[in-house]
Amino acid sequence: MDSDGPPSGTAFVATPEGTALAYGSLVFMALLPIFFGALRSVNCGKSKNSSDMPETITGRDAARFPIIASCTLFGLYLFFKIFSQEYINLLLSMYFFVLGILALSHTMSPFMNRIFPANIPIKQYQLLFTQGSGETKEEIVNYEFDTKDMICLVISTVVGVWYILKKHWIANNLFGLAFALNGVELLHLNNVSTGCILLGGLFVYDVFWVFGTNVMVTVAKSFEAPIKLVFPQDLFEKGLGANQFAMLGLGDIVIPGIFIALLLRFDVSLKKNTRTYFYTSFLAYIFGLGMTIWVMHTFKHAQPALLYLVPACIGFPVVVALLKGELTEMFSYESSEEVLPHTPRLTHYPTVSGSPASLANSMQSSSSPRRRRNNPPM
């Protein structure tokens, strides 16, 4: 979590009201994709349609992820130091323009299904793009959609154009929320041990790159893409044209979020009609994020949110499991038993055959089955 500095030499001092509104809004926005993404992950895991099935993160993936994330982060840092920031962000804006439209369209799809008038006929469409012929023929794009998906895409495209032209913080947040919700919904940890490995590794990653170097903060402030949620601290003074932002990286939402979603699926597997571990971890996330904000506000320095979120999100549920005598049951739960390995095909937005869980990787993956690869959080 961080706060953008002033654009000029005059230091900006936020009012207490502006600061409270900004951080309160960030907390609220962070909770939305976690809560609804976790609920959707349960239905996603139960789905009989292969196009709606998630991808599973294994222990090996989790162990390698902090290393891959560190290399990617440092690579971005070097790019911003060597090349013009303007041209890099122009390229990234176009890339995330496409991904944002797809993510927002997929996010809106369930709501559109509920409100779409029953008297309007629904037509089915398919866009198929292949490479090669005969036995070497590969699907590059297999996009199946209907009338409702078309409407979602049109609305999402309007938001995308707004973002490209204005870079407005509201459009940024709409895309950021869509990315986060898709990540929590479609990225599944296979068990609690894997979750502990992933969160533990990224705990070290976040602390090192924020406290040990200026790399994380530099990239976060230079990277003009919806990979963070922002909210202005000068909203009362400048209205919707405000430009002094507090920010929260999507990684600080998605990484704890997929662990919280795993605990919700564990709650469901217990068949006790309770959501003890989900609500415990959800409250733990609020506590950890609150600690992050308090420390940052007190010491006036950017904070690695995972420093506070990881111990809270792991520690609270483990303590509850110990008290309930369900610790062994928790660590023996295998989410992957409910989901058969496969290579999904998406029906709600275009994909380059591969990972629906990571929208960024879906534009780069091959048609052969593989496990998830994901971009690092910022």
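Positions are given from 1, in the same order as the sequence printed here.
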[Y] side chain reached by [X] side chain, heavy atoms, under 4.5 Å:
X	Y	value
Phe231	Phe245	no
Tyr77	Ser222	no
Glu139	Gln131	no
Tyr23	Met296	yes

Could you check whether any side-chain N or O of [X] sits under 3.5 Å from a backbone N or O of [Y], counting only pairs where one atom can act as donor and the other as acceptor?
X	Y	answer
Asp146	Lys123	no
Ser109	Ser105	no
Arg265	Ala38	no
Ser332	Glu329	yes
Asp234	Gly18	no
Asn182	Ala178	yes
Thr194	Asn190	no
Thr136	Gly132	no
Asn89	Glu224	yes
His168	Leu240	yes

**Study point:** Residues Lys167 and Ser93: side-chain donor-acceptor under 3.5 angstrom
**Key:** yes
Check your understanding: Between Phe278 and Phe266, is the gap from one ring center to the other below 6.0 Å?
Key -> no
Point to revise | Lys272/Glu326 ion pair, N-O < 4.0 Å | key: yes
Review point. Got a second to check how far Ile57's CD1 is from Asn191's CG, nearest 0.5 Å?
Key: 11.0 Å
Check your understanding: Of Ile115, Ile122, Ile120, which meets side chain to side chain contact (heavy atoms under 4.5 Å, CB included) against Lys148?
Key -> Ile122
